[in-house]
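Numbering of residues begins at 1 and proceeds along the displayed sequence. Heavy atoms only: backbone and side chains are in, while hydrogens, waters and symmetry mates are out.
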Amino acid sequence: MDTVRPKSALSSKSKLARSFQKVINLRTATRISSNNGICLLTPQGCRVKEHEDDDGEFDNKSKHFDRANEDITRARNRAVMEALVAKLFAGITSIKAAYAELQMAQNPYNSDAIQVADLAVVDELRAISELKRSFLKKELDLSPQVTIMLAEIQEQQGLMKTYQITIKKLEAEVDRKDLNISGLKKKLEDSVSLNKSLEKKLNLSGSLSIFDNLLISGLNPTHFVEFLNQLTLRSIRSFVKILVREMESANWDLDAAIKFIEPEASFSKQSHRCFVFESFVCKTMFEGFNYPTFNIHGGDSPLCSDALGFFDRFKKLKPVSPKHLFTQNPNSSFGKFLRTKYLHLVHAKMECSFFGNLNQRKMVTSCGYPETSFFTAFAEMSKRVWLLHSLAFSFGQEEGEVTIFQVRKDSRFSEVYMECVNQEVLFSSSEIDANPEAELRVNFTVVPGFKIGESVIQSQVYLSPANRRR
């Protein structure tokens with residue numbers, strides 16, 4: 001006779017079996033999640049009871065586990081996508097670096113380097129294409145942490161390679177520019193040397209030769225004008241160029257220097273500023289020109305007593321170099337003139353700023369002849385002013401026979417006594433014809449005028465539009 005078990009006992013056994021099965025499933029899921037690198041932590045004080053009889057509590061725990069598993073899956077998918085993007089960007093950086101190498105290998109042409117760079121570009125494009133195919137077919141097999149780390153290393157290597165190529169390009173460009181600069185410097189030196197040679201030939205040979213056969217009986221004011229314009233003023237302007245160049249090299253404020261010489265000077269062109277320095281040099285060099293001794297005393301050479309003596313001095317000193325004149329007899333009248341004019345024209349502060357010392361000044365004071373281009377230009381200018389003075393007094397030495405004059409600022413322009421150095425201002429002649437009340441005024445005198453007997457040699461003046469009067 002079979003024993004009949006109570007219904008309550010069967011129900012209790014069924015519940016126990018279901019509970020035991022849920023615990024086994026929970027532990028299995030926990031081991032799987034641990035293998036994926038995710039560890040689930042239960043809240044403190046809430047431990048799983050293997051022998052819990054309540055079905056509702058096990059259902060809640062199962063839902064909690066499902067949500068955690070979904071979060072783990074999303075986190076892993078996000079990590080995989082980040083690794084994919086990092087790998088893609090690293091590949092693009094490598095392509096850029098390889099393409100830069102390809103460009104560099106083309107100039108200068110290097111076939112081996114071109115092949116290597118081309119192969120690198122193709123390999124990276126193939127790797128990106130394979131990555132795309134795996135993504136679309138959902139066959140990505142990436143370890144996120146390792147992939148991201150390797151991608152960062154690859155990207156940094158690509159950037160370093162690009163920077164190295166850029167540095168090489170810049171270095172090559174610097175080398176090309178240095179080579180170009182060297183070539184231009186050589187051309188400049190050749191041009192300067194040629195200009196000096198031509199200027200020397202022009203100044204020393206051809207122009208002076210027209211006075212070789214000149215006799216005092218055939219002397220006339222035209223010879224004075226010819227010597228003044230073709231020789232003396234040319235040497236003065238040559239020295240002024242050197243003077244301005246030295247001032248610029250010494251970082252002088254040229255505008256301040258101009259304001260010191262001519263406080264109210266104004267110019268129609270920026271390049272006309274040199275006329276102020278020419279005015280300063282002429283004023284210094286021609287000071288005392290109307291005196292037979294040039295207002296300089298103390299020379300050892302005898303003074304000329306008449307026109308013939310001055311003319312003989314002109315003929316005698318004309319072919320001799322200023323260096324020879326000075327070194328042969330530093331205490332002659334010309335030697336005294338040369339030293340005096342240099343000390344007056346070139347201030348000690350100016351010379352120190354030009355050359356960094358006063359050695360040249362000390363040498364001149366002690367009757368030495370400095371072997372510099374600056375002093376050589378000054379000596380040549382001084383000799384020609386000295387010869388012009390001798391030529392002027394060859395016309396006669398009576399009182400008032402030779403005079404010089406400066407035109408006062410704001411004087412009315414006169415074509416009889418003045419010559420305009422900035423001819424473009426004279427375009428206003430049409431304006432003057434249209435308006436008889438308009439007139440041109442002198443801004444400053446550049447070269448003084450001369451009066452030899454009854455002959456007047458025009459002064460050279462600068463007319464500025466700012467000084468037009470109506």
Side-chain angles (χ1 to χ4, degrees), residues 198-241 278-279 281-296 304 306-326 332-334 337-338 341 345 376-397 401-406 417-419 421 445-461:
L198 293 174
E199 185 176 1
K200 186 176 181 180
K201 291 179 181 179
L202 179 63
N203 291 340
L204 297 181
S205 58
S207 298
L208 282 174
S209 62
I210 65 175
F211 296 93
D212 289 343
N213 300 321
L214 181 64
L215 300 176
I216 191 170
S217 58
L219 190 64
N220 61 68
T222 303
H223 293 102
F224 180 87
V225 175
E226 187 74 12
F227 196 94
L228 171 66
N229 292 331
Q230 299 301 321
L231 295 172
T232 307
L233 293 183
R234 183 173 293 174
S235 65
I236 288 175
R237 284 160 187 158
S238 177
F239 175 77
V240 168
K241 289 181 181 178
E278 184 178 338
S279 171
V281 172
C282 287
K283 190 178 296 184
T284 303
M285 296 303 297
F286 288 115
E287 184 180 359
F289 188 89
N290 53 319
Y291 294 95
T293 62
F294 226 125
N295 206 23
I296 294 174
C304 299
D306 55 14
L308 184 60
F310 278 102
F311 188 75
D312 288 341
R313 187 173 75 177
F314 171 80
K315 297 282 286 185
K316 180 181 178 182
L317 299 183
K318 178 175 63 67
V320 184
S321 69
K323 179 180 178 181
H324 182 76
L325 286 175
F326 186 77
S332 64
S333 297
F334 174 73
F337 170 79
L338 184 66
K341 290 299 182 181
L345 182 62
T376 299
F378 173 81
E380 183 64 35
M381 174 184 66
S382 300
K383 176 199 167 185
R384 296 189 181 189
V385 172
W386 182 258
L387 290 176
L388 184 70
H389 175 264
S390 300
L391 186 63
F393 278 88
S394 298
F395 291 92
Q397 197 183 1
E401 191 73 17
V402 177
T403 58
I404 61 173
F405 61 89
Q406 296 270 348
Y417 296 100
M418 307 171 203
E419 178 184 356
V421 295
T445 301
V446 180
V447 180
F450 300 86
K451 186 173 182 293
I452 309 296
E454 298 298 325
S455 302
V456 175
I457 291 87
Q458 293 171 311
S459 62
Q460 297 184 16
V461 298

Return yes if some donor-acceptor pair links the side-chain N/O of K451 with the main-chain N/O of G453 below 3.5 Å, else return no.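 Checked: pair present.
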Does the S459 side chain pair with the main chain of Y417, one donor and one acceptor, at a distance under 3.5 Å?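 At least one qualifying donor-acceptor pair exists.
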Residue pair [X] / [Y]: nearest heavy atoms and the distance that separates them:
X    : Y    : value
S455 : P221 : OG-CG, 3.2 Å
A379 : P322 : O-CB, 3.7 Å
T445 : S279 : O-OG, 2.7 Å
T232 : S235 : O-OG, 2.7 Å
F393 : N290 : CZ-O, 3.5 Å
F405 : I457 : CZ-O, 4.0 Å

Would the number of heavy atoms belonging to other residues, nucleotides or ligands and lying under 6.0 Å from NZ of K315 be above 12?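 Yes, the 6.0 Å shell around NZ holds more than 12 heavy atoms from other groups.
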Other residues, nucleotides and ligands only: do more than 12 of their heavy atoms fall within 6.0 Å of CZ on F289?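 Buried by this count: over 12 neighbours within 6.0 Å.
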Hey, is R384 close enough to E380 for a salt bridge, meaning N to O under 4.0 Å?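 Looking at R384 and E380, the cut-off is met.
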Any side-chain heavy-atom pair of [X] and [Y] under 4.5 Å:
X    : Y    : value
F326 : K383 : no
I236 : F286 : yes
F450 : L228 : yes

Here's a test for you: under side-chain contact (heavy atoms from CB on, under 4.5 Å), which of L215, L219, D306 qualifies with F311?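 It is L219, the one option of L215, L219, D306 that forms the side-chain contact (heavy atoms from CB on, under 4.5 Å) with F311.
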Run the numbers on F337 and V385 for side-chain contact (heavy atoms from CB on, under 4.5 Å), then give the verdict. CA-CA 10 Å; F337 170 79; V385 172; 4.1 Å; yes
Residues F227, H223; criterion ring-ring contact (aromatic ring centres under 6.0 Å, His included); working and verdict: CA-CA 6 Å; F227 196 94; H223 293 102; over 10 Å; no
Rounded at 0.5 Å granularity, tell me how far [atom1] in [X] sits from [atom2] in [Y].
X    : Y    : atom1 : atom2 : answer
M285 : K341 : CE    : NZ    : 6.0 Å
F334 : S382 : CZ    : OG    : 6.0 Å
I216 : D312 : CD1   : CG    : 7.5 Å
S238 : F378 : OG    : CZ    : 13.5 Å
N229 : E419 : CG    : CD    : 7.0 Å
R237 : M381 : CZ    : CE    : 13.0 Å

Evaluate the criterion side-chain contact (heavy atoms from CB on, under 4.5 Å) for residue pair Y291 and H389; output intermediate values, then yes/no. CA-CA 9 Å; Y291 294 95; H389 175 264; 5.7 Å; no
Steps toward side-chain contact (heavy atoms from CB on, under 4.5 Å) verdict (L233, Q460): CA-CA 11 Å; L233 293 183; Q460 297 184 16; 3.4 Å; yes
Walk me through it: do F224 and S394 pass the test side-chain contact (heavy atoms from CB on, under 4.5 Å)? CA-CA 10 Å; F224 180 87; S394 298; over 6 Å; no
